[in-house]
Amino acid sequence: MITASTKRTTLAAILFLAAAMPAEAHVGAGSTSSFAAGFAHPLSGLDHMTVMVAVGLWAAMKGGKAVWAWPLASVGVMLAGGALGMLHVPAPFVEPAILASVVALGLLVALAIDLPLSAGIAVIGLFALFHGNAHGTEVPENAAGLDYMAGFAVATALLHGAGIAAGVGLGSRFRGLARAAGAACAAIGVGLAFGVL
C-alpha cells in the first residue's frame, strides 16, 4: 500500500523532473484556420489526447461535482489561454509546462490523488492555460482562428467525455485499470520529453 506521503513525494519529484526537461511536446503542424482543422488537431497530438483523457479519468475517480467542473474548467481556461495566444501574450515555459501536464495528470490518476474540488480546478486550469496558449499563438486573429479554437474546444471536451466514460464504466471494481491508464499517460509524457515518442 502506497502511503499519502510517498504519493506526494513521488508526484513532486516527477513534476520537478518534467519541468526541467527541454524537449518540446507541442509541434504546430497543419492548417489552423477552420473548425475541422481545430477539431482534428487534438485527436492527432499524443500530448493533448492523453492529458485530456486523463482529466476525464481523474474527474470520474473524484466523482461528484468534479465530473463536470474539472472538464469545464479545462476547456474554459484553455480557450482563455488560446485567446491570449491569439493576442500575442506569451506564456513562459509553454513546452515544459505541456510536458509536465502529461506526466503530472497521468500521475494524479495513477496514484489516485484525491484533491479538493477547487485544488483540482487550479491544477487542471494551470495546465489548460499552457495548452491553449500554445495553440492560440498559431491561429490567425480572425474568424478562421475562432473557428479553429471552437473545433479544438469541442474535440477537447469529447476527449474529457471519453475519459469520464471510461472511468465511470470501470467503476471502483476496476479502479486499477484506470490507474494503469494514468501510469501510461505519465510514461507517454516521459517518452515525449526524451524524444522516444
Side-chain angles (χ1 to χ4, degrees), residues 2-27 42 45-63 66-67 69-82 91-135 156-157 159-164 166-167 175-197:
I2 299 173
T3 66
S5 176
T6 302
K7 287 180 182 180
R8 282 191 299 271
T9 303
T10 302
L11 181 60
I14 292 178
L15 283 175
F16 286 123
L17 175 65
M21 295 175 183
E24 293 190 8
H26 174 264
V27 288
L46 194 56
D47 59 324
H48 195 85
M49 193 177 335
T50 54
V51 165
M52 299 313 157
V53 171
V55 167
L57 279 170
W58 193 36
M61 290 172 82
K62 174 73 173 170
V67 172
W70 287 358
L72 183 63
S74 174
V75 173
V77 176
M78 185 194 69
L79 287 172
F93 309 111
V94 169
E95 297 304 332
I98 290 173
L99 281 171
S101 74
V102 180
V103 176
L105 286 162
L107 286 175
L108 289 166
V109 173
L111 299 174
I113 303 295
D114 185 14
L115 293 182
L117 183 69
S118 59
I121 288 172
V123 169
I124 289 166
L126 176 65
F127 289 133
L129 182 71
F130 289 104
H131 278 268
N133 189 268
H135 294 286
T156 296
L159 289 169
H160 290 327
I164 292 167
R175 193 174 178 105
L177 290 176
R179 293 179 68 177
C185 178
I188 287 169
V190 172
L192 288 169
F194 287 104
V196 176
L197 298 174

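One is the number of the first residue; the rest follow in order along the sequence. These numbers come from a predicted model, not from an experiment.
Evaluated for a side-chain contact (heavy atoms from CB on, under 4.5 Å) with I121, the options L117, I124, V123 yield exactly one hit, L117.
Within the model, atoms CZ of F127 and CE of M78 stand 16.0 Å from one another, a figure rounded to the nearest 0.5 Å. With rounding to the nearest 0.5 Å, the separation of OG in S101 from CG in L129 is 11.5 Å. For the atom pair M49 CE and C185 SG, the distance stands at 11.5 Å (nearest 0.5 Å). The NE2 atom of H131 sits 10.0 Å away from the CG atom of L126 when rounded to the nearest 0.5 Å. Taking CG of L115 as the reference point, atom NZ of K62 lies at 7.5 Å (rounded to 0.5 Å). Here the CG atom belonging to D47 is positioned 8.5 Å from the CD atom belonging to E95, to the nearest 0.5 angstrom.
Using a 4.5 Å cut-off on side-chain heavy atoms (C-beta onward), P42 and L159 make contact. V103 places a side-chain heavy atom less than 4.5 Å from the side chain of V190.
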(request) Show the numbers, then the answer: is there a side-chain contact (heavy atoms from CB on, under 4.5 Å) between L108 and L105? (result) CA-CA 5 Å; L108 289 166; L105 286 162; 3.7 Å; yes
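Contact record, G167 with A60: CA-CB, 3.8 Å, taken as the closest heavy-atom pair. Across all non-hydrogen atoms, the minimal contact from A91 to N133 is N-OD1, 3.5 Å. Closest heavy-atom contact between L197 and L192: O-CD2, 3.8 Å. Across every non-hydrogen atom of A59 and A66, the tightest pair is CB-O, 3.4 Å. The two atoms that bring V109 and A178 nearest to each other are CG1-O, 3.3 Å, heavy atoms only. Shown here for V67 and I164, the closest heavy-atom pair between the two residues is O-CD1, 3.3 Å.
Judged as a side chain to side chain donor-acceptor pair (under 3.5 Å), and not counting sequence neighbours, the contacts of H160 are S74.
W58 places a side-chain N or O within donor-acceptor distance of the main-chain N or O of I113, the cut-off being under 3.5 Å.
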